[in-house]
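One structure is given below, encoded as structure tokens.
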Amino acid sequence: MKSDISTLTEEIVKFRDRRDWKQFHNAKDLALALSIEASELNELFLWKTHDEYDAQRLADELADVLTYALLLAHETKLDVRNIIRSKMEKNKKRYPVKKSKGLAKKYNEI
Ligand SMILES: [Mg+2]
């Protein structure tokens, strides 16, 4: 059975391929697009208080970020579930609950 992530990625790839945009989707440009979309998301918060944002615009920009993240994983043949689980295992070691609970510090500062 396919995961929701696989199904969603297939939908995005189908959307992309019907428009013949695969030719533009190398890892470098997808990484740049991801970063640019993350900046567009950040811009929604610029010069505002932390809870002052447009929810619909946030949803749209977050969708852009996630779409490029899924495309980048697809093009580089990375399994999204595996890389997230692998990174979480590393983070469990970097941030043991006993040392990091309630702290907003980087692992090398705890
Ligand atoms: Mg955008």
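In listed order, ligands and their atoms are each counted from 1.
Surrounding NZ of Lys98 are at most 12 heavy atoms belonging to other residues, nucleotides or ligands under 6.0 Å away.
Counting just the N/O/S atoms of Glu40, the one with the shortest distance to the Mg ion (ligand 1) is named OE1. Within Glu61, the N/O/S atom positioned nearest the Mg ion (ligand 1) carries the name OE1. Atom OD2 is the N/O/S atom of Asp64 found closest to the Mg ion (ligand 1). Restricting Glu37 to its N, O or S atoms, the one at the least distance from the Mg ion (ligand 1) is OE1.
Note on Asp60: not counted as a metal contact of the Mg ion (ligand 1), no N/O/S atom lying under 2.8 Å.
To the nearest 0.5 Å, the span separating CG on Leu72 from CG on Leu78 amounts to 7.5 Å.
Counting only heavy atoms from C-beta outward, the side chains of Leu58 and Phe45 approach each other to under 4.5 Å.
There is no side-chain donor-acceptor pair under 3.5 Å between Thr9 and Ser6.
Connection of Phe24 to Leu70 is not established within any shared hydrophobic cluster, with ILVMFWY side chains joined at heavy-atom distances below 4.5 Å, either directly or through further cluster members.
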